[in-house]
Engineer: 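Take a look at the following structure, please.
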Amino acid sequence: MCGLRIEVEDGIISAIRGDKDDPFSRGHLCAKGPELKNLYEDPDRLKFPVKKTENGWVQVSWVEALSATAKALFEIQNKYGKDSVAVYNGNPSVHNYGSMLFGQRFSNRLKTKNHYSATSVDQLPHQLLSYWMFGHQLLIPIPDIDHTMYFLILGGNPFASNGSLMTVPDVKKRLKELQERGGKYVVVDPRKTETATHADEHVFIRPGADAFFLLAILNVFFEKNLIKPSDLYDPKELKFIAELASQYSPINVETVTGVSALTIERIALEFSSAKNAVCYGRIGVSTQPFGALCQWLINLVNIFSGNLDKTGGAMFTLPAVDPIDPKGALKSSPGSFNSFQTRVRKLPEFGEELPVSALSEEMLTPGEGQIKAFVSSAGNPVLSTPNGLKLEEGLKGLEFMVSIDFYINETTQHAHYILPPTSALEHDHYDLIFNVFAVRNTTKYAQPIFEPQPGMLHDWEIFTDLTKRLELLRSGKPLPETLITTKLDPASIIDFALRTGPYGEKGKHNRMLNIQLLKDNPHGIDLGPLASCFPERLLTPDKKIHLLPQPVIDDLSRLKKKFEEWSVKNENQFLLIGRRHLRNNNSWMHNMPKLMTGKNRCTLMIHPEDAESLGIGEEEEVQVESRVGKILIPTEITDEIMKGVVSIPHGFGHAKNGIHLKVAKQFAGVSINDLTDEKSIDELSGNAAFSGIPVSIRKQ
Ligand SMILES: Nc1nc2c(c(=O)[nH]1)N[C@H]1C(S)=C(S)[C@@H](COP(=O)(O)OP(=O)(O)OC[C@H]3O[C@@H](n4cnc5c(=O)[nH]c(N)nc54)[C@H](O)[C@@H]3O)O[C@H]1N2
Ligand SMILES: Nc1nc2c(c(=O)[nH]1)N[C@H]1C(S)=C(S)[C@@H](COP(=O)(O)OP(=O)(O)OC[C@H]3O[C@@H](n4cnc5c(=O)[nH]c(N)nc54)[C@H](O)[C@@H]3O)O[C@H]1N2
Ligand SMILES: [Mo]
């Protein structure tokens, strides 16, 4: 979403800079922006479909690849039932509006229960709690970073990630502005991250223990009578929460969290007395055993301190294409939970998707409903989901696999066909999802920089053809020898949504928005700061916030059990966490040479005292072992990691035969997800629990 100024001379990009006239990103650009040039020019990038043969990959025509794919999916569903085909949509799907709009149609037509995506290794708990408490999975509270005076960040490292569920291009500058206006920001994280280093305060916390920390904050609120009254919830629900919080006083949670009672109490008081404040938790508190409880408690901290839906607190966007408005052109479902389960482990559905932690066992466990064919789109689950090696075993046993992707990587190499879409500079862009999570309401449309080579297809064109081919087969009709196209392109869908949306000609905030206006304003249009919108925008039937969702209440006994277990220390195990770096992007930008320069980033961070007690030195290769696997990795000894905790970044592990990524192979590293455990989940939401995996470390 950062505005880019791309200069092209004689068909070649001569410069990519931050766009100073972009009202949202204000000229900001991180190292990944300029790499769009190298992505576009990457000789490893596929442009035309390929088929796997005994003699390796061979290029085939689109019609051949699409017909073979449609036939295989059709026949497998006929033979084994609809659920025998599974789909996985990876993270870039939601950065690609064509893929989103047309990929969803394709998945729906498959009529399988086996839908998976990166949601269940990421933000599932946020969506689940928004669904339960506010009535819509996309009514996600966003920190009002530009106005807050006290920003409490748990398990997020925006200096590396550029913010998440808080789309914020120039986060460093905005956090500096926060400090300059007399505000404060505090980071709670088992690692003293780049964000924490610049913060007013950093607090180390034991991985997975955030729910206890948050309960202790609520405990102080109740003990000191700091709860702010509100018409937005039923006050009768307070008693239950007061009683719950009374069991977790700051002093009680000291041992399990590793945070001193004095610190917790002081943070609670500072939070409460600030002019406004916001508590925000991201990946580190979502992908852990109590991910959903953490998001529940974070919402309660914001609600009870009077900071929900208030300037400087946790607010809600009003994007130009609004997925929440029940009458909107592109409205999305409010959500659903546990209306069906995975076949083997009975994990709950959310939003008609199943947790990806179950994908490998659904492929490997024989019986009715077993997955026999797999469609991966814009994803690399062999590197990005827990116990990647087990998933790889599952992929090897499939009868058919197709990948919609432009790289032959750790996942797509197992496909029978790869259908490559155009890359970012060859198609237009409208951000359907990340405007919904942004710290300001803005809108922008980017036109393509280059015409794709003749014969290349966009993601949405691939999905359009594939959907139609499947329908033809189902109605017993022959498949055409030419591509099947549609007149309805993504931009016309957006045009309609803009015109009928909140800033369109009949909208509440009429700004006459349509696609032409956006084309005429290529830097983007500012639609103003986040504004209070409750109770109007609440989508619960009674227009109240629901403080006590029943499944949350039912999960509290699990939390209590863990509390008792963790009150006894286990000195023999290390707890593994992940990390991100500004110059990585999950698993897929490691083929860009400029992003890979400098020190090796795929290291095991370990505290000096832990390294000493194990007798291991700097950059020494050690063995790290978990229940599911072991890897060898060099150490990086640093007191910026909590004692007893070790950290490995995700997205590496490119030393596999069969991948076509020349640069990434040179910086292969190892995959943390060969250690993370598909059995380690947040049992309430089904989200993967990457944080706090017990590992042992051995000198080689
Ligand atoms: N241990 C651990 N594991 C994690 C995480 C963690 O913190 N720790 N983070 C998790 C999170 S938050 C996420 S989102 C996932 C991400 O994991 P995934 O979504 O599975 O995968 P990516 O690594 O983002 O790979 C994206 C793939 O999409 C392709 N691609 C890029 N752009 C496009 C496009 O426009 N169209 C198509 N068709 N393909 C495209 C790339 O070539 C690449 O193959 O990883 C998760 N895994
Ligand atoms: N450069 C870059 N930017 C990215 C990405 C990328 O791969 N590279 N990925 C994008 C994606 S898909 C996402 S979802 C976002 C994620 O955005 P963020 O959530 O900001 O990402 P991380 O940097 O992984 O920050 C997670 C932090 O949680 C901490 N942590 C781990 N376990 C715990 C715990 O139990 N408790 C607490 N309190 N903290 C814990 C980790 O030490 C880490 O600092 O980033 C996005 N932006
Ligand atoms: Mo993510």
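For ligands, and for the atoms within them, numbers begin at 1 and follow the listed sequence.
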Engineer: Would you say ligand 2 has an N or O under 3.5 Å from any N or O of N586?
Structural biologist: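 Between N586 and ligand 2 (N or O atoms, distance only) the closest approach is under 3.5 Å.
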Engineer: To the nearest 0.5 Å, what is the distance between CZ on F204 and CE on M642?
Structural biologist: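 One gets 7.5 Å once the value is rounded to the nearest 0.5 Å.
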Engineer: Name the closest protein heavy atom to atom 40 (C) of ligand 2, giving the residue it belongs to and the distance to 0.1 Å.
Structural biologist: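 Atom 40 (C) of ligand 2 sits closest to the protein heavy atom P190 CD, 3.3 Å.
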Engineer: What protein heavy atom sits nearest atom 10 (C) of ligand 1, and how far away is it?
Structural biologist: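 Atom 10 (C) of ligand 1 sits closest to the protein heavy atom V121 O, 3.4 Å.
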Engineer: Who's the nearest protein heavy-atom neighbour of atom 34 (C) of ligand 2, and how far?
Structural biologist: G284 O, 3.2 Å
Engineer: Under a 3.5 Å distance rule, please check whether R206 uses its side chain to pair with a backbone N or O of G644 as donor and acceptor.
Structural biologist: no
Engineer: Is there a nitrogen or oxygen of Y407 sitting under 3.5 Å from a nitrogen or oxygen of ligand 1?
Structural biologist: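 No; the residue has no nitrogen or oxygen that sits under 3.5 Å from a nitrogen or oxygen of the ligand.
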Engineer: Would one find more than 12 heavy atoms of other residues, nucleotides or ligands at under 6.0 Å from atom NZ of K52?
Structural biologist: yes
Engineer: Take every heavy atom of P421, measure it against each atom of ligand 1, and state whether any distance is under 4.0 Å.
Structural biologist: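 Yes, P421 has a heavy atom closer than 4.0 Å to ligand 1.
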Engineer: Is the closest N or O pair between N91 and ligand 1 shorter than 3.5 Å?
Structural biologist: yes
Engineer: With distance as the sole test, does D42 use its side chain to make a donor-acceptor pair with the main-chain N or O of M592 at under 3.5 Å?
Structural biologist: no
Engineer: Nearest 0.5 Å, please: how far is CD in Q413 from CG in D405?
Structural biologist: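 Result: 12.5 Å between the selected atoms.
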Engineer: Quick one: does R191 get an N or O within less than 3.5 Å of an N or O on ligand 2?
Structural biologist: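 No; the residue has no nitrogen or oxygen that sits under 3.5 Å from a nitrogen or oxygen of the ligand.
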Engineer: Should the proximity of S161 to ligand 2, defined as any heavy atom under 4.0 Å, be assigned to the side chain, the backbone, both, or neither?
Structural biologist: both
Engineer: To which protein heavy atom is atom 29 (C) of ligand 1 closest, and what is the distance rounded to 0.1 Å?
Structural biologist: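 Ranked first by proximity to atom 29 (C) of ligand 1 is D405 OD2, 3.2 Å.
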Engineer: Considering only the protein, which heavy-atom contact is closest to atom 22 (P) of ligand 1, and what is its distance?
Structural biologist: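 Nearest protein contact, heavy atoms only, for atom 22 (P) of ligand 1 is S587 OG, 3.6 Å.
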Engineer: Considering N157, N584, N585, V285, which one's heavy-atom position lies nearest to atom 2 (C) of ligand 2?
Structural biologist: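 Answer by nearest heavy atom: N584.
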Engineer: Looking only at protein heavy atoms, which one is nearest to atom 1 (N) of ligand 1, and how far off is it?
Structural biologist: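 The answer is N673 OD1, 2.8 Å.
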Engineer: Under 3.5 Å between some N or O of ligand 2 and some N or O of P207?
Structural biologist: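 N/O-N/O distance below 3.5 Å does not exist for this pair.
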Engineer: Report the relative orientation of the aromatic rings in H429 and Y97; use parallel for angles under 30°, tilted for 30 to 60°, perpendicular for over 60°.
Structural biologist: perpendicular
Engineer: Rounded to the nearest 0.5 Å, what separates atom CG in L66 from atom CG in L419?
Structural biologist: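 Nearest 0.5 Å value for the CG-CG distance: 5.5 Å.
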Engineer: Check for me whether G578 has a heavy atom closer than 4.0 Å to any atom of ligand 1.
Structural biologist: no
Engineer: Should N380 be counted as touching ligand 1, given the test is an N or O pair under 3.5 Å?
Structural biologist: yes
Engineer: What part of S384, side chain from CB on, backbone N/CA/C/O, both or neither, has a heavy atom under 4.0 Å from ligand 1?
Structural biologist: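 Answer for S384: both.
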Engineer: Could you state the interatomic distance from CG (L29) to SG (C2), rounded to the nearest 0.5 Å?
Structural biologist: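 Taking CG in L29 and SG in C2, the distance rounds to 6.5 Å.
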Engineer: Is it true that R580 lies under 4.0 Å from ligand 1, counting heavy atoms only?
Structural biologist: yes
Engineer: Give, for atom OG of S107 and atom OH of Y88, the distance between the pair rounded to the nearest 0.5 Å.
Structural biologist: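 The OH atom of Y88 is 13.0 Å from OG of S107, to the nearest 0.5 Å.
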Engineer: Q123: heavy atom below 4.0 Å from ligand 2, yes or no?
Structural biologist: no
Engineer: Check each heavy atom of N162 against ligand 2 and say whether those closer than 4.0 Å belong to the side chain, the backbone, both or neither.
Structural biologist: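 It is neither; nothing of N162 touches ligand 2.
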Engineer: Hey, looking at atom 35 (O) of ligand 2, which of G208, A209, G163, A31 has the closest heavy atom?
Structural biologist: G208
Engineer: Would one find an N or O of R206, backbone or side chain, under 3.5 Å from an N or O of ligand 2?
Structural biologist: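 No; the residue has no nitrogen or oxygen that sits under 3.5 Å from a nitrogen or oxygen of the ligand.
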Engineer: Is V188 close enough to touch ligand 2? Criterion: a residue heavy atom under 4.0 Å from a ligand atom.
Structural biologist: yes
Engineer: Knowing that exactly one of D189, D122, D210 qualifies, which makes a salt bridge (Lys or Arg N to Asp or Glu O under 4.0 Å) with R282?
Structural biologist: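 Running salt bridge (Lys or Arg N to Asp or Glu O under 4.0 Å) over D189, D122, D210 with R282 returns exactly one hit, D122.
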Engineer: Could you pull out the closest heavy-atom pair between G658 and I408, with the gap in Å?
Structural biologist: O-CG2, 3.6 Å
Engineer: Any N or O of T422 that comes nearer than 3.5 Å to an N or O of ligand 1?
Structural biologist: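 Not met; the criterion fails.
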Engineer: For atom 27 (C) of ligand 2, which of the options D189, I283, I153 provides the nearest non-hydrogen atom?
Structural biologist: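 Residue with the shortest heavy-atom distance to the ligand atom: D189.
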Engineer: Looking only at N/O atoms, are H427 and ligand 1 under 3.5 Å apart anywhere?
Structural biologist: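 No, there is no polar N/O contact under 3.5 Å.
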Engineer: What closest approach, in Å, do I641 and H607 show between heavy atoms, and which atom pair accounts for it?
Structural biologist: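 Minimum heavy-atom contact is O-CD2, 3.1 Å.
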Engineer: Distance under 4.0 Å to a non-hydrogen atom of D210: what atoms of ligand 2 satisfy this?
Structural biologist: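 Reading through ligand 2 atom by atom, the close ones are 34 (C), 35 (O), 36 (N), 37 (C), 38 (N).
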Engineer: What is the nearest protein non-hydrogen atom to atom 32 (N) of ligand 2, stated with its residue, atom name and distance?
Structural biologist: S691 OG, 2.7 Å
Engineer: Do the rings of F212 and W566 sit parallel, tilted or perpendicular, given the 30° and 60° boundaries?
Structural biologist: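 Perpendicular: the ring planes of F212 and W566 meet at over 60°.
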Engineer: Please name the residue in the list L661, L595, N584, N409 that meets the side chain to side chain contact (heavy atoms under 4.5 Å, CB included) test with H590.
Structural biologist: N584
Engineer: Tell me which protein heavy atom sits closest to atom 6 (C) of ligand 1, plus the residue, atom name and distance to 0.1 Å.
Structural biologist: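 Of the protein heavy atoms, H650 ND1, 3.5 Å lies nearest.
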Engineer: Determine, stepwise, if the pair F563 / Y248 fulfils ring-ring contact (aromatic ring centres under 6.0 Å, His included).
Structural biologist: CA-CA 10 Å; F563 185 76; Y248 298 97; 5.2 Å; yes
Engineer: Purely on distance, is any nitrogen or oxygen of S377 under 3.5 Å from one on ligand 1?
Structural biologist: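 The answer is no, given that S377 and ligand 1 share no N or O pair closer than 3.5 Å.
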Engineer: How long is the span from the CG atom in D428 to the CG atom in D489, to the nearest 0.5 Å?
Structural biologist: 7.5 Å
Engineer: Among all protein non-hydrogen atoms, which one is nearest to atom 14 (S) of ligand 2, and what is the separation to 0.1 Å?
Structural biologist: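 Going by distance alone, atom 14 (S) of ligand 2 is nearest to D122 OD2, 3.0 Å.
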Engineer: Mind checking whether H427 and H458 have parallel, tilted or perpendicular rings, split at 30° and 60°?
Structural biologist: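 Because their plane-to-plane angle is over 60°, the rings of H427 and H458 count as perpendicular.
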Engineer: Polar contacts were defined as any N/O atom of the residue lying under 3.5 Å from an N/O atom of the ligand; does this apply to I404 and ligand 1?
Structural biologist: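 Checking ligand 1 against I404, an N or O pair does fall under 3.5 Å apart.
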Engineer: What part of T411 sits under 4.0 Å from ligand 1 if we count only heavy atoms: the side chain, the backbone, both or neither?
Structural biologist: neither
Engineer: Compare every heavy atom of Y407 with every heavy atom of D44, then report the nearest pair and how far apart it is.
Structural biologist: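 Closest heavy-atom pair between D44 and Y407: O-CD2, 3.9 Å.
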